[in-house]
Enquirer: 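Let me give you the structure first, and then I'll get to my questions.
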Amino acid sequence: MRRSEKQTRTEAGPSRFRHEFRPGRLITGLVLLGTAVAYAGDAGGLWHVPSYVVLPALCLGLLVAGTASWVAYSVRRRAARAASTERNAAPASTNGSQAMR
C-alpha cells in the first residue's frame, strides 16, 4: 500500500463507508428478488401468481428504482457543486488538480 493511500484511509476514519449509498440499486435488487420469490413459490405449488399481476409490479418497481437513482444523483451533484464553490481560493482547474473540492 502506498503512503498516500494509507493516509487517505486513516484520514477518512471509521465512520466513512467504502462507497456511497445507491438507493436505486437496492430497490432494483429487492424488486427482482421479490419477483423471483413469487415465481419460485408458484413453481413449488405454494401459491398461484398470475402474470398480469407480477409484470406490472416489476415495471412499477423498476420505475421507482429509476426515480430513486435520479433523485440520489441530483442530491450528490448538488452537494458536490456546493462544496466546490469557494469564494476566496482559486478554482480547482488553476492549481493543477482536477479534483472537485
Side-chain angles (χ1 to χ4, degrees):
M1 182 180 322
R2 293 183 300 200
R3 184 174 175 89
S4 62
E5 290 176 348
K6 189 174 184 180
Q7 287 176 345
T8 55
R9 286 186 184 183
T10 57
E11 291 171 3
S15 64
R16 302 282 308 215
F17 297 107
R18 288 184 175 256
H19 55 83
E20 59 209 16
F21 178 63
R22 303 274 179 133
R25 291 184 181 189
L26 174 67
I27 294 170
T28 301
L30 291 175
V31 166
L32 293 176
L33 185 64
T35 304
V37 167
Y39 277 123
D42 189 18
L46 297 175
W47 56 76
H48 175 68
V49 180
S51 62
Y52 62 85
V53 172
V54 175
L55 191 60
L58 180 66
C59 291
L60 182 65
L62 293 176
L63 179 70
V64 169
T67 304
S69 292
W70 177 74
V71 168
Y73 172 75
S74 298
V75 168
R76 283 193 314 268
R77 186 174 175 191
R78 182 172 293 201
R81 281 188 177 176
S84 70
T85 56
E86 296 180 4
R87 304 199 191 289
N88 299 331
S93 62
T94 61
N95 66 0
S97 172
Q98 299 300 320
M100 292 186 72
R101 296 183 193 187

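Only heavy atoms go into these numbers, but all of them, side chains included; no hydrogens, no water, no symmetry mates.
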Enquirer: Members other than Leu33 in its cluster, when Ile, Leu, Val, Met, Phe, Trp, Tyr link by side-chain heavy atoms under 4.5 Å?
Expert: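 Its cluster partners, ordered by chain and number, are none at all.
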Enquirer: With salt bridge (charged side-chain N to carboxylate O under 4.0 Å, His left out) as the rule and sequence neighbours excluded, what pairs involving residues 43-52 come up?
Expert: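 Passing the test, one end in residues 43-52: no pairs.
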Enquirer: Running the 4.5 Å side-chain criterion over Ile, Leu, Val, Met, Phe, Trp and Tyr, what cluster does Phe21 land in, apart from itself?
Expert: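 Once heavy-atom contacts under 4.5 Å are chained together, Phe21 belongs with Leu26, Leu30.
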Enquirer: Tell me which donor-acceptor pairs under 3.5 Å the side chains of residues 59-76 have, and how far apart each pair is, sequence neighbours excluded?
Expert:
from  : atom 1 : to    : atom 2 : distance (Å)
Thr67 : OG1    : Leu63 : O      : 2.9
Ser69 : OG     : Ala65 : O      : 3.2
Ser74 : OG     : Trp70 : O      : 3.0
Arg76 : NE     : Glu20 : OE2    : 3.4

Enquirer: Please list, chain by chain and in numerical order, all residues satisfying side chain to side chain contact (heavy atoms under 4.5 Å, CB included) with Leu32, sequence neighbours excluded.
Expert: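 Partners of Leu32 under the side chain to side chain contact (heavy atoms under 4.5 Å, CB included) test: Thr28, Leu58.
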Enquirer: Check residues 37-50 and write down every donor-acceptor pair under 3.5 Å in which the side-chain atom is one partner and the other belongs to a residue at least two apart or another chain.
Expert:
from  : atom 1 : to    : atom 2 : distance (Å)
Trp47 : NE1    : Ala38 : O      : 3.2

Enquirer: Hydrophobic clusters join Ile, Leu, Val, Met, Phe, Trp and Tyr when side-chain heavy atoms are under 4.5 Å apart, directly or via other members; which others share one with Val53?
Expert: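 Members besides Val53, by chain and number: Tyr52.
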